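One structure is given below, encoded as structure tokens.
No experiment lies behind these values; they were computed from the predicted model shown. Numbers restart at 1 for each chain; the letters A, B, ... are given by sequence-line order, proteins then strands. Excluded from the calculations below are hydrogen atoms, water molecules and symmetry mates; all remaining heavy atoms, backbone and side chain alike, are included.
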Amino acid sequence: MSILVDENTRTVIQGATGQGGRRFIQRMIDFGSPPVAGVTPGKGGEVVEGVPVFDTVKEAVEATGCNFSSINVPPALVKDAAFEAFDAGIRNIFMYAERVPLHDAMEIMSYGDEIGATMVGPNSPGIVSPGKYRLGGLGGDKEYVAEIFRQGPVGLCSRSGGMTSTLGYTISQGGLGMTTAVGLGGDAIIGSPFTKILPMFEDDPETRAICMFCEIGGTMEEEAAELIKSGRITKPIVAFIAGRQTLPGFRFGHAGALVEKGRGTYESKVEALTSAGVAIAKNLQDIPVLLKRALGMDENEEGA
Amino acid sequence: MKLVEHLGKRLLARGGIPVPRGEVATTAEDARRIAEELGGPVVVKAQILAPGRGKRGGILLADTPEKAQEAAASLLGRSFEPETCREVLVEERLDIDRELYASFMVDAPKRRLSLILTRHGGGDVEEVFRERPDEVVVAPIGAFERFYPFKGRELALQMGLSGKAVVKVGDAITKLVAFGRANDCRLAEINPLVITKDEKVIAADAVMNVDEDAHFRLKWMKEFGLSMEEERPRQPTERELEAAEIDRVDYRGSVHYQDLDENGDVGTVTVGSGFSITMLDVLGNFGLKPANFCDCSGSPPADKVYKSCKLVLGIPGIKAFLFVSGVMTQDLTVTAEGIIKAWKELKPTIPFLVKLAGNRDREAYQMMVEAGLPHVYPRETPVETIVEDCVRLIEEGGR
């Protein structure tokens, strides 16, 4: 198995006819997991790369039975697109755009949580379940993607878009592979922070270890540590935390002091995750080594 | 996007929250004129963003226009690390009875809004947060929750206020919520929110962090001459300004440059923002000090890559140059073209190490080897190995 996307995913691309949407569709076709529908208001009836385009998500759902929406519209339009997908009954959405207003993200995630939707992004490069499905262009051209994301037992989740591929490759090169690799999105409010993605990997029978790419700032890692400590997550986890050498900017205003309570720094994240039993990789090359150790494998062993 | 006090106050006033009468001055003479027009004692306040302004001597009292001129003269041009004061706000001095604290913010982890309120406002409010949490009111507001005026009055009562203050502060709280929502505030903090001796409620300071990603609906950004530019913790250096120019002239790809350490060992260009931050850590793990940060990614044209290399190679005192990418989706042969041009044209005498990984990296590798670059690494080479080589080359004094 895998999480979020697999061979049963039927994706509709909202924002199918723009340059970005077209490229997204091409990448998915290239991987062998073409979307089943596209939506662009005013362009119903068109066909993009063989994919039928509808005016509304509701029509797309009725005509194609799509059950996953990839939102590829510009940032100012993401909120409207997300609510259209929810209204059409879709409960899995992915948001690609960078620079979605924070208040919009807050409304989308707040409502999505209320109706039990699963959301990824905004500001995410995509999701890939090796051998099964690719949403977006992670890994680049076809001949490269299989080398960068091999199939295997690791669930990979990353706060950084670019690092999703870099870590995927580090894991593959180290002789392991992934059930699913997901770029969580780089923003302050995202659909699936670690506290939501870790339980998905925990409940996926094929995932046997988890790799997290963390960054300084925010309290996502500290909250994940709390969840792990609660016993909800039992699978071994390896984390890399970026930003040790980065000096934080000065804090602005006083409210942050009350909310953060000293969390958000590199030290705070190392402490929280270590105390929850997570192995911290200091260098990128340590990641596959630590994962193999967690899986009870020999350092030179391949596969699993 | 952080707003300086006087802009924050102009916005608050439009939102119906009273602020002191006053004006901004960029010269000491202006400050004097403003004080004359206001009449009576004034406050002269440095318009900087860094915290602790009052404690650092950035807020001065002046009883006469002459004193206001002197105060402005002492503040203007003064350095408040990492900023320099270029403007002062000259305001009427309030007749203060009490100082409260009120802030509106987005509670990102909980995906909702939050109000933080206490009747013990002023410079020591963080101490109140720590020592007397029971006297701090934290009120969550749901993303879609309507905030009626009665709610503001209830909260004012919870703050421990009574009488007319409940009505007036309650009204200010209600307006603050509407203000924060209408202006896409990450944070809108009023400290202190003053109750004057004649029972007026006035925002004596304004700390605003507005979400610049909402620029398309914040019409006042244009009016105030604000753009979506990156925030910097200090005044930009010459090279940072040059990098911004390299980035500006071509919209394709992006260059994020920052000078880090004047005594740095290595100049770097990296590809991918998360990867760039990771590389700083890896360099540190091997005892190298990066002189700069330069993330050149998002499919930049070869010329942008070339100019970024040129800029970094020009950093005085660096002992090596590293160009390393994460595993990228962009066409790396284009990146390689820019690197080769920089190598051929500038003939660097320091070690010049390059690794590109990702889309079309094998072609890019071949191009760079054929061009005669001395240290080109294939995708398989761990970045740690390259950094180790870099350390060795520096020690040997080789190229």
Side chain proximity check, [X] to [Y], heavy atoms < 4.5 angstrom:
X	Y	value
A:Glu223	B:Pro109	yes
A:Pro101	B:Phe216	yes
B:Phe144	A:Ser110	yes
A:Leu102	B:Asp213	no
B:Val327	A:Phe149	no

When only pairs under 4.5 Å are counted, which of A:Met109, A:Gln285, A:Met220 shares the most heavy-atom pairs with chain B?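 Maximum pair count with chain B is reached by A:Gln285.
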
Pick from A:Asp113, A:Val145, A:Thr166, A:Ile190 with the largest number of heavy-atom pairs that fall under 4.5 Å of chain B: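 Highest number of pairs under 4.5 Å: A:Thr166.
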
Heavy-atom contact with chain B under 4.5 Å, split by part of [X]:
X	value
A:Glu147	side chain
A:Met163	side chain
A:Ser165	both
A:Tyr111	both
A:Arg27	side chain

Proximal component of [X], with respect to chain A [non-hydrogen, under 4.5 Å]:
X	value
B:Asn191	side chain
B:Leu113	both
B:Ala214	both
B:Asp205	neither

Quick check for you: to the nearest 0.5 Å, what is the distance between [X] atom [atom1] and [Y] atom [atom2]?
X	Y	atom1	atom2	value
B:Ile277	A:Glu215	CD1	CD	5.0 Å
B:Arg112	A:Met106	CZ	CE	11.0 Å
A:Tyr144	B:Arg360	OH	CZ	7.5 Å
A:Ile216	B:Asp281	CD1	CG	8.5 Å
B:Asp211	A:His103	CG	NE2	7.0 Å
A:Leu167	B:Thr278	CG	OG1	7.5 Å

Answer yes when B:Arg111 and A:Glu107 have at least one side-chain N-carboxylate O distance shorter than 4.0 Å, and no when they do not.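 No, no charged N to carboxylate O under 4.0 Å.
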
Start with the C-alpha distance between B:Arg217 and A:Asp104, add both sets of side-chain angles, then the distance that settles salt bridge (Lys or Arg N to Asp or Glu O under 4.0 Å), and finish with yes or no. CA-CA 12 Å; B:Arg217 60 188 175 216; A:Asp104 289 3; 2.9 Å; yes

Between chain A and each of B:Val106, B:Val282, B:Asp107, count heavy-atom pairs under 4.5 Å; write down the option with the most.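 Greatest number of close heavy-atom pairs with chain A: B:Val106.
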
Run B:Phe286 and A:Asn283 through side-chain contact (heavy atoms from CB on, under 4.5 Å) and show every step you take. CA-CA 10 Å; B:Phe286 288 87; A:Asn283 285 305; 4.1 Å; yes

Within residues 134-143 of chain B, which positions have a heavy-atom distance to chain A below 4.5 Å? B:Val136, B:Val138, B:Ala143

If you look at every heavy atom in B:Thr329 and A:Gly140, which pair is closest and at what distance?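 Smallest interatomic distance, heavy atoms only, reads CG2-CA, 3.6 Å.
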
For residues B:Glu380 and A:Gln173, report the shortest heavy-atom separation together with the two atoms involved. O-NE2, 2.6 Å

